[in-house]
Protein chains: 2
Amino acid sequence: MAGRPTLEQVAERAGVSRATVSRVVNGSPTVAPTIKEAVERAIAELGYVPNQAARSLVTQRTDSIALVLSESATRVFSDEAVLPGIVRGVSQELDAADKQLVLMLAGSMASHDRIERYAMSRHVDGVIIASMHGADPLPNSLHRMGIPVLCGGRPLGRSPVPYVEVDNVGGARLAVRHLVQSGRSRIATIGGPQDMVAGIDRLNGYREELRGSSLRSIVAIGDFTRESGAAAMRQLLEDDPQLDAVFVASDLMALGALNALQAAGRRVPDDVALVGFDDIEAARYADPALTTIRQPIVGQGRELARQLLRLAGGEEIAHSVVLPTELVTRASA
Amino acid sequence: MAGRPTLEQVAERAGVSRATVSRVVNGSPTVAPTIKEAVERAIAELGYVPNQAARSLVTQRTDSIALVLSESATRVFSDEAVLPGIVRGVSQELDAADKQLVLMLAGSMASHDRIERYAMSRHVDGVIIASMHGADPLPNSLHRMGIPVLCGGRPLGRSPVPYVEVDNVGGARLAVRHLVQSGRSRIATIGGPQDMVAGIDRLNGYREELRGSSLRSIVAIGDFTRESGAAAMRQLLEDDPQLDAVFVASDLMALGALNALQAAGRRVPDDVALVGFDDIEAARYADPALTTIRQPIVGQGRELARQLLRLAGGEEIAHSVVLPTELVTRASA
DNA sequence: CTGAAAGCGCTTACAG
DNA sequence: CTGAAAGCGCTTACAG
């Protein structure tokens, strides 16, 4: 088959110059209809598809963007329920814009280097970094190199890098307010890891909302896994056997907490009301079904893609976009 | 900053030709140590990173491969538990080989076109297609175009495209054998969708194993979702109220079936033994914990990547690789 | 509206 | 061991 056809061959077949073929391919309006037709026929007959590398070399664009997920994050099962949704949202929006999605799982510091080199090699027009632990230096260093970069979730520490996040603080406040309003008076919380912004903010929301009431805070910390939720719940029961409600910073931890409560002979919601966060599928199937805070997961992915595309296109974008969360009332509270 | 530095600038700074810089960058052994050092210094000082597009244009390689997931598949929650594992496995192996992963969610037939064009534009060195429904024409058409392509899961219908799959038939037989050996005599099954190879093969395995015994088959079909598992279970109880065991073709459907059984007042495993397939996280936390067939998910991803890399490198590879499954015995059977 | 020509940033025979 | 030169397949001012 002598390799795949080139512009040159299409031009020859259509009896025009390469420039003209290029114009047709790129939809330039200044091509005579008859010529356009001839070129299109030649393209179809030859099955011509433009070589992206050649195009990128001259346009300096690749029409693809990288989505970086931290590998350690994908280990947390809670994230496993969230990250696929983000990937799907990003993918949908990118498809619509005819851009490609390059997925990079950042395992270690070593892979940070790989990612930097990759972005620097101009293989992508921009980078979305989702799901960070701690104060990851990657967003800032990419930003410093002049690469369009956007974070999913507010970066810890001061950072000039724009981000899209869900309203963790507001969601937590919603949950606690619901518990207060339903007459609970000893409201504990199981917080997430304090090196992740979702963990930090949901705990802050809890504290902020309690501050408005006369209730005192009762806190245990987990790591977003089911087991850690169960362990934290046992701890809380020891710390305050009289507690009558718990706001748990993730549904998965809430499911663990639910098991621990039932094992301790507490009825949910009669003795202890329980509110989770995330609204994962399993929340609906828990017994009792879990009241929780829903966050727009696919929506966050879409918004990330839209913002990055604008940024890569040279537009000014808001430094932060915060997506609303909502209370989903079920049986557990 | 006048754009990012080029080979040319490195050459000038190091006082050598572009050819020499290129040799150093690509690790050619025929460069004098002193020169090599000078070049490396210049590279470091300038922060030079090769432009991939330029490189690809001449080498005809991109060092990246595409992973295609069907979007409809990601809608099935059962797959949500499986696909991230495959992505992770592929990513691990590709990272080790310093290749990039381009993720494409194939939503519709329209996106099939996009994927073909993308592969044809030589933006990737090969394509892995995971998770197909029906007899998807994509693998064959890519193959016909001369693009290295590999399927996760055996393609339906005759196809020259090589594949990597888990032993669905063998796993199902293992499950049924376990039920037979534990003395069950009315063993039903809930099959998966019959347009997916996992659905078809697991049902075949059930039938094959029963054929060896004197037991008759009792069959209902679901679509791999939890709800469909519950519905199918209700159907089975109606069809044969005396059944004492069920092999369910996915854990998620098995969880639905478990609910339905308990709602119908049957004790598991006392009245009815239950075996699932997949070994997803939730199987371990069911009550009773679910006996199931474990498949190597990340392992399948890794094997896919390894095989595709070989294929793209021009090696001959086996037309099929079948990875073993195993029985994980817990409380439900 | 169309074409000739330069150039994007690399790699790789080919000489020397 | 090193360099000059050709060429990978496109796009885009610049003329006409």
Side-chain angles (χ1 to χ4, degrees), chain A residues 1-40 42-43 46-64 117-125, chain B residues 1-40 42-43 46-64 117-125:
Chain A
M1 64 189 284
R4 303 205 241 285
T6 67
L7 242 205
E8 181 98 50
Q9 293 166 41
V10 175
E12 192 179 0
R13 177 155 197 140
V16 299
S17 72
R18 285 143 67 212
T20 298
V21 177
S22 176
R23 289 189 189 102
V24 172
V25 169
N26 293 292
S28 160
T30 75
V31 181
T34 42
I35 294 210
K36 182 162 176 244
E37 231 167 74
V39 170
E40 280 167 346
I43 288 176
L46 260 31
Y48 169 72
V49 177
N51 179 315
Q52 273 302 333
R55 179 178 276 175
S56 292
L57 187 54
V58 26
T59 61
Q60 307 280 40
R61 286 181 299 101
T62 63
D63 293 323
S64 61
R117 297 182 73 77
Y118 189 69
M120 284 296 283
S121 74
R122 303 179 164 237
H123 213 318
V124 288
D125 298 338
Chain B
M1 64 189 285
R4 303 205 240 288
T6 67
L7 242 204
E8 181 99 52
Q9 292 167 40
V10 174
E12 191 178 1
R13 179 156 195 136
V16 298
S17 73
R18 285 142 67 213
T20 298
V21 177
S22 176
R23 289 189 188 101
V24 171
V25 168
N26 292 292
S28 158
T30 76
V31 180
T34 41
I35 293 208
K36 182 163 177 241
E37 233 167 72
V39 171
E40 280 167 346
I43 287 174
L46 260 31
Y48 169 72
V49 177
N51 179 315
Q52 272 302 333
R55 180 179 274 178
S56 292
L57 187 54
V58 26
T59 61
Q60 307 281 40
R61 285 182 300 100
T62 63
D63 293 324
S64 61
R117 297 183 73 77
Y118 189 69
M120 284 297 283
S121 75
R122 303 181 166 237
H123 213 318
V124 289
D125 297 339

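Chain A is the first sequence line, chain B the second, and so forth, proteins listed ahead of strands; every chain is numbered from 1.
Contacts between residues 22-35 of chain B and DNA chain C, counted as heavy-atom distances below 4.0 Å, involve B:S22, B:R23, B:N26.
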Dot-bracket pairing map - DNA chain C, Watson-Crick plus G-U, both contacts under 3.5 Å, | cross-strand: |||.||||||||.|||

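For the pair B:S17 and A:E8, both in contact range of DNA chain D, the more 5′-proximal nearest nucleotide belongs to B:S17.
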Give the table of side-chain donor-acceptor pairs shorter than 3.5 Å for residues 28-40 of chain A, with sequence neighbours excluded, one pair per line with atom names and distance.
unit_1	atom_1	unit_2	atom_2	d
A:S28	OG	A:T30	N	3.3
A:S28	OG	A:T30	OG1	3.3

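Every residue was checked against the ring-ring contact (aromatic ring centres under 6.0 Å, His included) condition with B:Y48, not counting sequence neighbours, and none meets it. When the salt bridge (Lys or Arg N to Asp or Glu O under 4.0 Å) test is applied to B:R13, the partners found at least two apart in sequence or on another chain are B:E45. Shown here are the side chain to side chain donor-acceptor pair (under 3.5 Å) partners of A:Q60, two or more places apart in sequence or in another chain: A:R122. Under the side chain to side chain donor-acceptor pair (under 3.5 Å) criterion, B:S56 pairs with no residue at all, not counting sequence neighbours. In this view, B:R61 and B:D63 satisfy the side chain to side chain donor-acceptor pair (under 3.5 Å) rule, not counting sequence neighbours. A search for side chain to side chain donor-acceptor pair (under 3.5 Å) contacts involving A:S121 returns nothing, not counting sequence neighbours. Under the side-chain contact (heavy atoms from CB on, under 4.5 Å) criterion, A:E8 pairs with A:T6, A:R18, sequence neighbours left out.
Using a 4.5 Å heavy-atom threshold, the side chains of A:S17 and A:T20 count as touching. A:L46 places none of its side-chain heavy atoms less than 4.5 Å from the side chain of A:E12.
In 5' to 3' order, the nucleotides of DNA chain C bounding all contacts with chain A (an atom under 4.0 Å from a heavy atom) are C:dC1 to C:dG9.
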